[in-house]
Amino acid sequence: MLLKEYRICMPLTVDEYKIGQLYMISKHSHEQSDRGEGVEVVQNEPFEDPHHGNGQFTEKRVYLNSKLPSWARAVVPKIFYVTEKAWNYYPYTITEYTCSFLPKFSIHIETKYEDNKGSNNSIFDNEAKDLEREVCFIDIACDEIPERYYKESEDPKHFKSEKTGRGQLREGWRDSHQPIMCSYKLVTVKFEVWGLQTRVEQFVHKVVRDILLIGHRQAFAWVDEWYDMTMDEVREFERATQEATNKKIGVFPPAISISSIPLLPSSVRSAPSSAPSTPLSTDAPEFLSLPKDRPRKKSAPETLTLPDPEKKATLNLPVTHSSDKPCQPKSE
């Protein structure tokens, strides 16, 4: 198990980002999806938890075989996907990821949002007070991102919002910028396979860090697109974008409910307060199913002819003579 705490500051308020994070997740998922790969939305509905209160539950399948490193692609099937389950009780969220092919792999993320510059060192005392972890600050303006994901229009050093006047962030902006908020993310990666555990857990944390950096840069760079939205408007955008994304990756769009309807009673469903478990599908993946209409082999005859018992076959066998007398040793 490898545990890290990420802190990502944004030139926004926590109240503003409630809309922004929903908009960013939907648009980012749509942009990163292509036919056969991307994010399939399975479920999105209101949810109630006895401890955390009202929220939203989502379940997604993330198909990303081509995004794996070469050594990982060599051992996983082409239908490889990651299941994401998220419980959003903003400003607190729980997200877990499990793998369709590797049941001993999981990612667990707990997120808390506060209006500060990442200065709360005790924010996860209830969840991980006695657990050793590395604290990593992510700077959306100055940290480098993979070149293939870079867009100047999404670079906070160059972007300036027309609606808020914020932007063109410079080194050290977190010390003086107002408003400012921080996303605190406690990320646990587990891959309990001997010989590969350290390598995989380190690789996954690198991927998580890149995704967090890119996503938060986009949330700010797209601020003029979502800043004036209401919650109902962003939910409608979320629904339409998710259906378009499902069609884009080639899956039949599910019935997605994202409207404000009466919440499910907590007695029917409740999310865990810590790491929730995800049951794996019992359906066999396609690569393990039997081929259909398999042709018969022709190595054996179609019919077998048995001999007629009333006809005795004449065999030319050598004639031997036997004696009733026991075998006597040869005299010398």
Can you list the other members of the hydrophobic cluster that holds Phe137, where links are side-chain heavy atoms under 4.5 angstrom apart?
Val135

Through direct or indirect side-chain contacts below 4.5 angstrom among Ile, Leu, Val, Met, Phe, Trp and Tyr, which residues connect to Ile123?
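Ile123 clusters with Leu3, Phe124, Leu131, Tyr184, Leu186.
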
Apply side chain to side chain contact (heavy atoms under 4.5 Å, CB included) to residues Gln197 and Glu201 and explain how you reach the verdict.
CA-CA 6 Å; Gln197 181 171 3; Glu201 290 177 350; 3.2 Å; yes

[X] vs [Y] side-chain heavy atoms within contact, under 4.5 Å:
| X | Y | answer |
| --- | --- | --- |
| Pro179 | Leu12 | no |
| Cys182 | Tyr113 | no |
| Tyr81 | Val62 | no |
| His108 | Glu110 | yes |
| Glu16 | Val14 | no |
| Val39 | Arg61 | no |

Return yes if some donor-acceptor pair links the side-chain N/O of [X] with the main-chain N/O of [Y] below 3.5 Å, else return no.
| X | Y | result |
| --- | --- | --- |
| Lys248 | His30 | yes |
| Tyr97 | Ile107 | no |
| Arg166 | Ser161 | no |
| Asp224 | Glu162 | yes |
| Arg217 | Ile140 | yes |
| Glu233 | Thr230 | yes |

Using only heavy-atom distances, determine whether the side chains of Thr93 and Asn88 contain a donor-acceptor pair under 3.5 Å.
no

For residues Ser119 and Asn121, is any side-chain donor paired with an opposing acceptor at under 3.5 Å?
no

Mind checking the [atom1]-[atom2] spacing from [X] to [Y]? Nearest 0.5 Å is all I need.
| X | Y | atom1 | atom2 | result |
| --- | --- | --- | --- | --- |
| His158 | Lys151 | NE2 | NZ | 15.0 Å |
| Glu84 | Thr58 | CD | OG1 | 5.5 Å |
| Gln168 | Trp173 | CD | CH2 | 14.5 Å |
| Met181 | Met10 | CE | CE | 6.0 Å |
| Thr241 | Tyr23 | OG1 | OH | 7.5 Å |
| Asp139 | Arg174 | CG | CZ | 4.5 Å |

Same hydrophobic cluster for [X] and [Y], using side-chain heavy-atom links shorter than 4.5 Å among ILVMFWY?
| X | Y | result |
| --- | --- | --- |
| Phe203 | Leu2 | no |
| Ile109 | Val207 | yes |
| Met1 | Val200 | no |

For Lys190, I'd like to know if atom NZ has over 12 heavy atoms of other residues, nucleotides or ligands within 6.0 Å.
no

Take atom NZ of Lys160 as the centre, draw a 6.0 Å sphere, and report whether it contains more than 12 heavy atoms from other residues, nucleotides or ligands.
no

Step by step, work out the side chain to side chain contact (heavy atoms under 4.5 Å, CB included) result for Cys136 and Glu134.
CA-CA 6 Å; Cys136 306; Glu134 178 184 357; 3.7 Å; yes

Looking only at heavy atoms, which two atoms of [X] and [Y] are closest? And how far apart?
| X | Y | answer |
| --- | --- | --- |
| Glu238 | Ser26 | CG-OG, 3.2 Å |
| Ala141 | Asp155 | O-OD1, 4.3 Å |
| Arg209 | Ile138 | CG-CD1, 3.8 Å |
| Ser183 | Tyr17 | OG-CE2, 4.1 Å |

Which pairs count as salt bridge (Lys or Arg N to Asp or Glu O under 4.0 Å) when at least one residue sits in residues 111-125, sequence neighbours excluded?
Lys112-Glu127

Yes or no on side chain to side chain contact (heavy atoms under 4.5 Å, CB included) for Asp228 and Lys163, after CA distance, side-chain angles and deciding distance?
CA-CA 9 Å; Asp228 294 327; Lys163 293 184 177 181; 3.0 Å; yes

Tyr92 and His52 aromatic ring geometry - parallel, tilted or perpendicular at 30°/60° bounds
tilted

Mind checking whether Trp87 and Phe47 have parallel, tilted or perpendicular rings, split at 30° and 60°?
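Because their plane-to-plane angle is over 60°, the rings of Trp87 and Phe47 count as perpendicular.
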
Are Val223 and Glu225 close enough, and set up right, to give a side chain to side chain contact (heavy atoms under 4.5 Å, CB included), and what steps lead you there?
CA-CA 5 Å; Val223 62; Glu225 300 175 28; over 6 Å; no

